[in-house]
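Remember, it's a predicted structure, so these values are computed and weren't measured experimentally. Start at 1 and go down the list; that is how both ligands and their atoms are numbered.
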Amino acid sequence: MADIQSILSQMTLEEKAALCTGASFWTTTPVKRLGVPEMLVTDGPHGVRRVPDVTSILTESLPATCFPTASSLASTWNVDLLREMGQALGEECVALNVDVILGPGANMKRTPLCGRNFEYFAEDPFLAGELVTSLINGIQSKGVGASLKHYAANSQEFHRHSVSAEVDERTLREIYLPAFEKAVKKAKPWTVMCAYNKLNGTLCSEHHELLVDILKNEWGFEGLVVSDWGAVHDRVASLKGGVDLEMPGPKEVRVKNVVEAVQAGELDEAVLNEAVRRILTIVFKAAETPKGGKFDIDAHHALARRIAAEGIVMLKNNGVLPIKGAQQIAVIGRAAREPYFQGGGSSHINSTRVDIPIDELKKLAGNAELTYAEGYPPDLSFQQPLIDEAVSAAGAADVALLYICLPAAKESEGYDRADLDLTPQQVALIKAVCAVQPRTVVILNNGAAVTVSEWIGDAAAVLEAWMMGQAGAGAIADVLFGRANPSGKLAETFPLKLADTPAFLNYPGENGKVRYGEGIFIGYRYYDTKGIPVQFPFGHGETYTTFAYSQHRVSASTFKDEDGLTVSVSVTNTGTVAGKEVVQVYVHDHKSALVRPAKELKGFAKVELQPGETRTVTIPLDFRAFAYYHPGYRQWVTEDGEFDILIGASSADIRCTETVTLQSSLKLPSLLNNLSTIRDWLEDPKGKVIAEPVIGEIMAKMMKLFGAGENAAPASGMEDMVLDMPLLALLEFQENDLPIPPGKIVDQLLEQLRGVNE
Ligand code: BGC
């Protein structure tokens, strides 16, 4: 390993400034005289997009495996599989001479409309955090780096370069940061990419609190922060804010700005040195891995197929699947010939090969005869003859397979969707085909939730196959014919309609701001807490077998927060085929000082079972599983009290519940202030002891004054009214009878409290 400090001390100011901005679209600036090599980064995240000419952004990249995109990956709920995929990505990086792959993305699916949701994992930070951590660990196990992106609150493409995400501190900490936090702490990504957008008025590329205070200092991130491509507008401000490496380059003016700022004393050279230190550390680490060679194209294709199959979510099945004994199969839909398997934008991969759905069907269909009808055009036009042709093919067959893909024009990096709908032609096609063929299976290819309520009742079965990667066609065939048993579960809720979605009234924002008004209530946290019916809940997914849950246990019924708990449950495959079940553990807090969602995912495990086999899964729940972020204390807190541990097969299918009692280890000071209400004082254990003697008498007087207990004034209502008045206000009503001013009395109580707090 190079002596970073010694190299740094030999670098001129100009060399240091130059190192902090890229040399090309994809490379860092080398310092030849000191033996500092260049480092090559390239897009991901679901494949390696290695552009041969580093000075260009748009030229075709070298062939690489196009794995399924994140929506599909997340639906596997399989951390081991994601680690395997990470390893494969790492191997391809090595072969294609890439030091760092730009991904994965850990942003939350705040609204299903976000055009880039196909690149993001989940509407739940725990699930997303586990999955990205595993993927990064896999990538980096091969001696190449990952770039965790887009940090942070980058949950829409609309005005992505400029919009300010207005997010309160608790929401940021509980929803938008934890997936990044987990990955940083547990996978130590070599780089983190800052987002384009602003967060609460400050560009993420200049956000000191986000990049320095939280990421680097609090979470201990040791890698380098790279800007998203073109996210830096003021290089000096971004260095101060914590962006170590600006990409892309070259940008002589920026380098000059930095040199001049240091010379003028506007930029502390120590800040520049710290950025240089971080860049040099990663550049030399990357150089330790020899590059070149080949990767195993066939093995990676086979892995992509396995992952795609495990990512397929069987939304519905009335028994038509798996297909058995069909003689004539109608294959309908352009996507059966032209698979829609990845999204548009920077993640677009030049696949090593692409399987065609209808060809893969033929391979598994035995003697069955396959007929094909296009069904819908590539654009948004309506063409009745295509529907008519499909209807006649479906009517003549034993079963119809409808391959429906969202037109690429509807979702991509760079813009959001305008609605959650399939095209009018696709909806009409599905309805018409289902009307003549009761055994119709709809196979969906899309990057994020779509609305299906108009036709789902008509279809016999529906598979959500997502953007399934280059080998997805075979994966679909595997599931259709029962070679693979579907085990995918939704990582995002399918709403009944767009207007039901949590961010509906606060999206896409206006006047340069998007207010995250739904706060911590995104995804199922919102639907569950509000009791809003959904089409398919978070965690849902059907299978060809059945699973029974039994013998659930918790390690203790009363426990200390710092010790955590383990939850175990036995799962039996009660069906006739092997399968995999995702056991999900949610936590429900009975009572808390701040409002909490009805339930939150805090653990899960995927278990494979042969028919008749039983296995016990054990899932740990740590301090954070029970804590929430308290903005008053600016920390994660737990409170004494009861929690339900909900063990289920989806967020809506809870199979067993256990109630436990938590004992908090935190000695939190009281947050009472001079406008705290009487209720606040009485509910605060320390405040109660101090204030009760003062409050008792005054309250009784006040209740009498308000006529409590008389006809028009029921005592309980009056009591609530008084309890919710600030103690100060109550004292002020009786100011004339008091020996000292009310403000003084409250100050004295607060003074006493401070003594107890310390
Ligand atoms: C995207 C990043 C990507 C970068 C480089 C940006 O527009 O937001 O995700 O890594 O371009 O292509």
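Taking the six-membered ring for Trp, Tyr524 and Phe538 have ring centres closer than 6.0 Å. Taking the six-membered ring wherever Trp is involved, the centroid distance between the rings of Phe67 and His46 does not fall below 6.0 Å. Ring pair Trp77/Phe126: centre-to-centre distance not below 6.0 Å.
In the vicinity of Met193, heavy-atom distances shorter than 4.0 Å reach the ligand 1 atoms 10 (O). Here is the list of ligand 1 atoms found below 4.0 Å of a heavy atom in Lys149: 2 (C), 3 (C), 9 (O), 10 (O). The distance from ligand 1 to the heavy atoms of Leu102 drops below 4.0 Å at these ligand atoms: 10 (O). Which parts of ligand 1 touch Arg160 is read off a 4.0 Å heavy-atom cut-off, strictly below it: atoms 7 (O), 8 (O).
Looking only at protein heavy atoms, the nearest one to atom 1 (C) of ligand 1 is Asp228 OD1, 3.3 Å. Residue, atom and distance of the protein heavy atom nearest to atom 7 (O) of ligand 1 are Tyr196 OH, 2.8 Å. Of the protein's non-hydrogen atoms, the one nearest atom 5 (C) of ligand 1 is Asp43 OD2, 3.2 Å.
By the side chain to side chain donor-acceptor pair (under 3.5 Å) test, Asn197 is found to be paired with no residue, residues two or more places apart in sequence or in another chain being considered. Applying the ring-ring contact (aromatic ring centres under 6.0 Å, His included) test to Trp26 and every residue at least two apart in sequence or in another chain returns Trp229.
Side-chain contact check for Arg116 and Ser346: at least one donor-acceptor pair (N or O, by modelled atom type) lies under 3.5 Å. For the residue pair Tyr340 and Glu411, a side-chain donor N or O sits within less than 3.5 Å of a side-chain acceptor on the partner.
Ligand 1 is approached by Glu413 to a heavy-atom distance shorter than 4.0 Å. Contact analysis puts His150 in contact with ligand 1, with a non-hydrogen atom separation below 4.0 angstrom. Put simply, no part of Phe25 is less than 4.0 Å from ligand 1, judged by heavy atoms.
For Glu157, no heavy-atom contact with ligand 1 is shorter than 4.0 Å.
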Inset, instruction - Would you please test Asp416 and Gln156 for side chain to side chain donor-acceptor pair (under 3.5 Å) and show each step? - result: CA-CA 7 Å; Asp416 289 341; Gln156 65 186 52; 5.2 Å; no
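In terms of polar-atom proximity, Trp26 is not counted as a contact of ligand 1, lacking any N or O under 3.5 Å from an N or O of the ligand. Residue-to-ligand polar distances place Arg116 within reach of ligand 1: an N/O pair is separated by less than 3.5 Å.
The number of heavy-atom neighbours closer than 6.0 Å to CG of Asp379, taken from other residues, nucleotides and ligands shown, is above 12.
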